[in-house]
There are 2 protein chains.
Amino acid sequence: MSASALPYRTHNHSACIRQALADARTLCRANNARLTPTREQVLELIWRSHKALGAYDLLAMLAEEGHRAAPPTVYRALDFLQRQGLVHRITSLNAFLGCTHAGEQHCGQFLICRNCRNVLELTAPEVALAVGQASADEAFVAEDTVVEVIGLCPACQLSGNHD
Amino acid sequence: MSASALPYRTHNHSACIRQALADARTLCRANNARLTPTREQVLELIWRSHKALGAYDLLAMLAEEGHRAAPPTVYRALDFLQRQGLVHRITSLNAFLGCTHAGEQHCGQFLICRNCRNVLELTAPEVALAVGQASADEAFVAEDTVVEVIGLCPACQLSGNHD
DNA sequence: CGGAAAAGGTAATATTATAACATTCAATGC
DNA sequence: GCATTGAATGTTATAATATTACCTTTTCCG
Ligand SMILES: [Zn+2]
Ligand SMILES: [Zn+2]
Ligand SMILES: [Zn+2]
Ligand SMILES: [Zn+2]
């Protein structure tokens, strides 16, 4: 790996957002799922950064955009986006993140920087395999796997604003 | 693996509890940490089963034992027990579990049965390795790793009270 | 003993998430 | 077009999880 992954370097983030929204529209059309304005707005807000955002963060952002919504609105939108594979819930943060592998059949692993809070989603087959093997060794039928790594991203290791 | 792991079969669970409490006393003594009555009581309650228990479950159990405590009491005991490596937090359940590898330097993986809620803690080196390698590939410094697998334990696969 | 630090008690509150029910919207068949 | 109907959204209240702040008690150590 020569270059840092996207969240860790400055990049044309507008392009990230545009791409994510375009992919979402395509996917939802293909799945006969309705990407309504509220849902699209929440998705767009999530993609404002590569950080995971809490439901109430999103709620506040909606409010700033003049969409006075209550918690169920945001949770319902998030449920929909998760079902469509457009958003992941980061369980150790109680927060939500745009999926960078939408449409691909995948089970993500998440590298969470405790300093800048950016999250990188990986889909390392070795990890999935190792977890699958360990489960199988115990005769356990794995249905869903959460892999979340907390640590320091490459950018934050250098710019020492942390421990 | 010929025999099922402990949580999945009937066993002398009193022995589990006694062992866990004995280990805890030894460890805390070795670390100059005070395993006070409240802390020990919470640990004992956690070990009543191989399931993960919520803080408010523990609070209710304390109440049943006549220890009328408020939330901070239980959260403080849990913080202590986690710092001593005697208890793990299962983030996807917001619940807590007695560690079956107390004293060993380890980073656990958890197999969570969605039917019976029993949790098996593994310490598979291949999993830790795969995650470590995937992180390193992104120049990410991993400090803590959460691996939680939701699925069906061997016992529940047979006795079809689920889906 | 006396001071300091750790542990625990208590009340209030913050944060995250859901339940229950009413209303609006949009696709479909006639 | 228009009624039917299920999906989506609005609205209010509340549940479930966790923390803050402050005070009292206990333990440790000199
Ligand atoms: Zn993804
Ligand atoms: Zn960072
Ligand atoms: Zn453990
Ligand atoms: Zn089970």
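Below, chain A is the first sequence line, B the second, and so on; all start at residue 1.
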If you compare every side-chain N and O of [X] against the phosphate oxygens of [N] (OP1, OP2), does one of them come in below 4.0 Å?
X: T73(A); N: dT9(D); answer: no
X: H67(A); N: dG10(D); answer: yes
X: T36(A); N: dT9(D); answer: yes

Subject >> Cluster overlap L97(B) with L6(B), hydrophobic side-chain contacts below 4.5 Å >> reply: no
**OP:** Report yes or no: does E64(B) contribute a side-chain atom to a donor-acceptor pair with the main-chain N or O of A60(B) at less than 3.5 Å?
**Re:** no
Original post:
Reckon R76(A) touches a base, only the sugar-phosphate, or nothing at all at heavy-atom distances under 4.0 Å?
Top reply: base
Subject >> S14(B) side, atom OG; Q19(B) side, atom CD - distance, nearest 0.5 Å >> reply: 13.0 Å
Original post:
Between which nucleotides of DNA chain C, 5' to 3', does chain A make heavy-atom contacts below 4.0 Å?
Top reply: dT16(C) to dA26(C)
May I have the distance from [X] (atom [atom1]) to [N] (atom [atom2]), rounded to whole angstrom?
X: Y56(A); N: dT19(D); atom1: OH; atom2: C1'; value: 16 Å
X: Y75(A); N: dT14(D); atom1: OH; atom2: P; value: 18 Å
X: R83(A); N: dA7(D); atom1: CZ; atom2: C1'; value: 11 Å
X: R39(A); N: dG10(D); atom1: CZ; atom2: P; value: 11 Å

Original post:
Going by atom types only, do Q41(B) and E65(B) share a side-chain donor-acceptor pair under 3.5 Å?
Top reply: yes
**OP:** Scan side-chain atoms only and decide if H88(A) and Q82(A) contain a donor-acceptor pair under the 3.5 Å cut-off.
**Re:** no
**OP:** Would you mind telling me which residue lines up with the more 5' stretch of DNA chain C, P72(B) or A33(B), judged by nearest nucleotide?
**Re:** A33(B)
Step through the shown structure and confirm whether more than 12 heavy atoms of other residues, nucleotides or ligands are within 6.0 Å of [atom1] on [X].
X: R89(A); atom1: CZ; result: yes
X: R29(B); atom1: CZ; result: no
X: Q105(B); atom1: CD; result: no

Subject >> is_close_aromatic(H50(B), H11(B)), centroid dist under 6.0 Å >> reply: yes
Distances for protein N or O near nucleotides 25-30 of chain D N or O, under 3.5 Å:
none

